[in-house]
Student: 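This is the structure I have questions about; it appears just below.
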Amino acid sequence: MEEHTKKLGAIILAAGKGKRMQSKKINKVTLPLADKPLILHAIHVLEKMHFNAIVIVVGFAKESVKQILKNSSVFFAEQTKRLGTGHAVKAGMTKIPNDITDVLVMQGDDSHFYQETMINKLITAHIDAHAQLTFLTIAVENPYGLGRVIRDVHKEVVAIIEEKDATQKQKEVKEINPACYIFTESFLKKYLSKIPKSPVTGEYYLTSLIDIAIKNKEKVATMQAGFMPWRGVNTPEELQEAEKLYKRMQKKV
């Protein structure tokens with residue numbers, strides 16, 4: 001990792017039940033991709049980068065996650081009630097050391113293709129922009145069901161619009177938010193408790209922090225990675241797709 005005065009922590013979210021995986025006794029982040037548990041792909045990259053602290057937020061089938069990571073130098077935080085990604089990060093922050101200045105947040109089930117170079121670019125973009133919040137954006141051919149990144153005429157982010165709320169024109173946007181962020185620690189402490197509760201699900205969503213930052217005129221930056229390999233894993237079929245994509249990537253290396 002490049003030299004800078006920041007002390008970096010990371011929170012990986014791995015508490016969800018993953019209902020569509022129909023996995024009753026193990027957490028889906030422990031399922032294998034290329035003979036390695038999904039979550040270990042990301043953890044091995046972060047450990048190589050010498051993050052000062054890596055916190056795993058566990059919940060559903062937590063022992064299956066802890067067992068997989070018993071040889072990793074990580075901290076565990078438990079999300080006792082699964083009340084969304086914003087609530088999970090709040091749980092994770094309880095184990096982030098006080099001297100950490102900035103916190104990377106990623107999902108345990110879709111970060112398996114992230115490379116050290118990409119994460120370094122995200123960190124650099126964040127530092128260079130003096131941002132409070134910086135998030136990765138990628139482009140996908142079929143963005144159906146994913147949050148679109150909406151920009152103004154100056155190319156500044158104005159919103160993340162979910163599929164169900166998107167206009168026809170917004171649905172044509174291929175730039176999406178894959179939920180990989182870096183925040184200043186002070187921003188998280190100030191705004192995590194201000195995330196609104198969803199009237200539909202009763203959950204607190206991390207994406208709300210983008211809206212909160214924009215409304216409060218806090219500096220938001222992005223790192224546009226374009227059409228990079230990425231596959232969220234929510235179903236057995238998506239895990240198979242990720243496996244095929246991984247094999248294609250290995251052939252190119």
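FYI, the numbering just counts along the sequence from 1.
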Student: Over all heavy atoms of both residues, which pair between His41 and Pro37 is shortest? Give the atoms and the distance, please.
Tutor: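 Shortest heavy-atom separation between His41 and Pro37 comes out as CD2-O, 3.4 Å.
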Student: Taking side chain to side chain contact (heavy atoms under 4.5 Å, CB included) as the definition, give me every residue that meets it alongside Glu141, ordered by chain and number, with sequence neighbours left out.
Tutor: Lys174, Phe227
Student: Return the set of residues passing salt bridge (Lys or Arg N to Asp or Glu O under 4.0 Å) with Lys194 (not counting sequence neighbours), or none when no residue passes.
Tutor: none
Student: Which salt bridge (Lys or Arg N to Asp or Glu O under 4.0 Å) pairs, counting each pair once, include a residue from residues 155-168, with sequence neighbours left out?
Tutor: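 Listed once each, the pairs are Arg148-Glu163.
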Student: Tell me who clusters with Val158, hydrophobic residues only, linked when side chains sit under 4.5 Å apart either directly or through other members.
Tutor: Ile150, Ile161, Val173
Student: Could you grab the distance from atom NZ of Lys121 to atom OG1 of Thr117, nearest 0.5 Å is fine?
Tutor: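 So the NZ of Lys121 and the OG1 of Thr117 are separated by 6.0 Å.
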Student: Can you tell me which residue pairs pass the side chain to side chain donor-acceptor pair (under 3.5 Å) test with a partner in residues 75-95, sequence neighbours excluded?
Tutor: Lys62-Glu78, Gln79-His87
Student: Provide the closest heavy-atom pair for Ile176 versus Val149 in the form atom of the first, atom of the second, distance.
Tutor: C-CG2, 3.7 Å
Student: Hey, could you give me each pair passing side chain to side chain donor-acceptor pair (under 3.5 Å) that has a residue in residues 209-220? Not counting sequence neighbours.
Tutor: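 Checked against side chain to side chain donor-acceptor pair (under 3.5 Å) - neighbours excluded - the pairs reaching residues 209-220 are Tyr191-Glu218.
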Student: So if you build clusters from Ile, Leu, Val, Met, Phe, Trp, Tyr with side-chain heavy-atom gaps below 4.5 Å, do Trp230 and Ile39 land together?
Tutor: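 Result: yes, single cluster for both.
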Student: For the NZ atom on Lys190, are there more than 12 heavy atoms of other groups (residues, nucleotides or ligands in this structure) within a distance under 6.0 Å?
Tutor: no
Student: If I take atom CG from residue Leu38 and atom CG from residue Asp109, how far apart are they, to the nearest 0.5 angstrom?
Tutor: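 It is 7.5 Å, given to the nearest 0.5 Å.
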Student: When you measure from the side chain of Gln170 to the backbone N and O of Thr167, does any donor-acceptor pair fall under 3.5 Å?
Tutor: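 Yes, the answer is positive, given that a donor and an acceptor are paired below the 3.5 Å cut-off.
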Student: So, the side chain of Thr30 versus the backbone of Ile26: is there a donor-acceptor pair under 3.5 Å, distance only?
Tutor: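 Pair absent, no side-chain N/O of Thr30 close to backbone of Ile26.
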Student: How close do Ile195 and Ser208 get, counting heavy atoms only, and between which atoms?
Tutor: CG2-CB, 3.9 Å
Student: For a quick test of your reading: what N or O donor-acceptor pairs under 3.5 Å do the side chains of residues 64-75 make, sequence neighbours left out?
Tutor:
unit_1 : atom_1 : unit_2 : atom_2 : d
Ser64  : OG     : Asn27  : N      : 3.0
Ser64  : OG     : Ala61  : O      : 2.6

Student: With sequence neighbours left out, what residues match Asp99 under side chain to side chain contact (heavy atoms under 4.5 Å, CB included)?
Tutor: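 With neighbours one apart ignored, the set is Lys7, Pro97.
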Student: With hydrophobic residues grouped by side-chain heavy-atom distances under 4.5 Å, do Val220 and Val103 end up in a single group?
Tutor: yes
Student: Would you indicate whether the side-chain heavy atoms of Tyr114 and Pro178 approach each other to under 4.5 Å?
Tutor: yes
Student: Is Ile11 linked to Leu133 within one hydrophobic cluster, defined over Ile, Leu, Val, Met, Phe, Trp and Tyr using a side-chain heavy-atom separation of less than 4.5 Å?
Tutor: yes
Student: Indicate if Tyr205 and Leu146 have the same hydrophobic cluster label, given that clusters are the connected sets of ILVMFWY residues with side-chain heavy-atom separations under 4.5 angstrom.
Tutor: no
Student: State yes or no: do Met106 and Leu206 share one hydrophobic cluster built from I, L, V, M, F, W and Y residues joined by side-chain heavy-atom distances below 4.5 Å, directly or via other members?
Tutor: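 Hydrophobic grouping puts Met106 apart from Leu206.
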Student: Side-chain contact test, heavy atoms from C-beta onward, threshold under 4.5 Å: evaluate it for Val89 versus Val57 and give yes or no.
Tutor: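 Not touching, per the 4.5 Å side-chain cut-off.
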Student: How far apart are the closest heavy atoms of Ile212 and Pro196, and which atoms are they?
Tutor: CD1-CD, 4.3 Å
Student: Could you tell me whether a side-chain N or O of Thr222 sits under 3.5 Å from a main-chain N or O of Gln224, the two making a donor and an acceptor?
Tutor: no
Student: Starting at CD of Glu47, measure out to NE2 of His44 and round the result to the nearest 0.5 Å.
Tutor: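 These two atoms lie 5.5 Å from each other.
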Student: Could you check if a side-chain atom of Ile182 sits within less than 4.5 angstrom of a side-chain atom of Met223, using non-hydrogen atoms only?
Tutor: no
Student: Closer than 3.5 angstrom, by distance alone: can the side chain of Ser198 be matched with the main-chain N or O of Thr201 as a donor-acceptor pair?
Tutor: yes
Student: Leu136 vs Ile138, test: side-chain contact (heavy atoms from CB on, under 4.5 Å). Steps then yes/no.
Tutor: CA-CA 7 Å; Leu136 172 70; Ile138 61 172; 4.2 Å; yes
Student: NZ/Lys171 to CD/Gln168 distance, rounded to the nearest 0.5 angstrom?
Tutor: 5.5 Å
Student: Output all residues satisfying side chain to side chain contact (heavy atoms under 4.5 Å, CB included) with Ala242, sequence neighbours left out; order by chain, then residue number.
Tutor: Leu33, His112, Phe113, Arg231, Val233
Student: Taking only residues two or more places apart in sequence or in another chain, which ones pass side-chain hydrogen bond (donor to acceptor under 3.5 Å, both in side chains) with Thr137?
Tutor: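 Applying side-chain hydrogen bond (donor to acceptor under 3.5 Å, both in side chains) to Thr137 gives Glu175.
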Student: A side-chain contact here means heavy atoms from C-beta on lying under 4.5 Å apart; do Leu188 and Met93 qualify?
Tutor: yes
Student: I'd like to check the salt bridge (Lys or Arg N to Asp or Glu O under 4.0 Å) partners of Asp152; sequence neighbours left out, ordered by chain and number.
Tutor: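 Asp152 satisfies salt bridge (Lys or Arg N to Asp or Glu O under 4.0 Å) with no residue once adjacent residues are dropped.
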Student: Compare all side-chain heavy atoms of Leu46 with those of Ile12 and state whether any distance is below 4.5 angstrom.
Tutor: yes
Student: Please report the closest heavy-atom contact between Ala91 and Ala77, naming both atoms and the distance.
Tutor: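 In terms of heavy atoms, the two residues are closest at O-CB, 3.5 Å.
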Student: Do you know the tightest heavy-atom contact between Leu104 and Cys180?
Tutor: CD1-SG, 4.2 Å
Student: Listing request: all ring-ring contact (aromatic ring centres under 6.0 Å, His included) pairs with a residue in residues 130-181, at least two apart in sequence or in separate chains.
Tutor: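 Qualifying pairs, neighbours excluded: Tyr181-Phe183.
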Student: Is the closest side-chain heavy-atom distance between Leu40 and Val29 below 4.5 Å?
Tutor: no
Student: Testing the 3.5 Å rule here: is there a donor-acceptor pair between the side chains of Thr101 and Glu185?
Tutor: no
Student: Check whether any side-chain heavy atom of Leu8 sits under 4.5 Å from a side-chain heavy atom of Ile100, and report yes or no.
Tutor: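 No, too far: nothing below the 4.5 Å cut-off.
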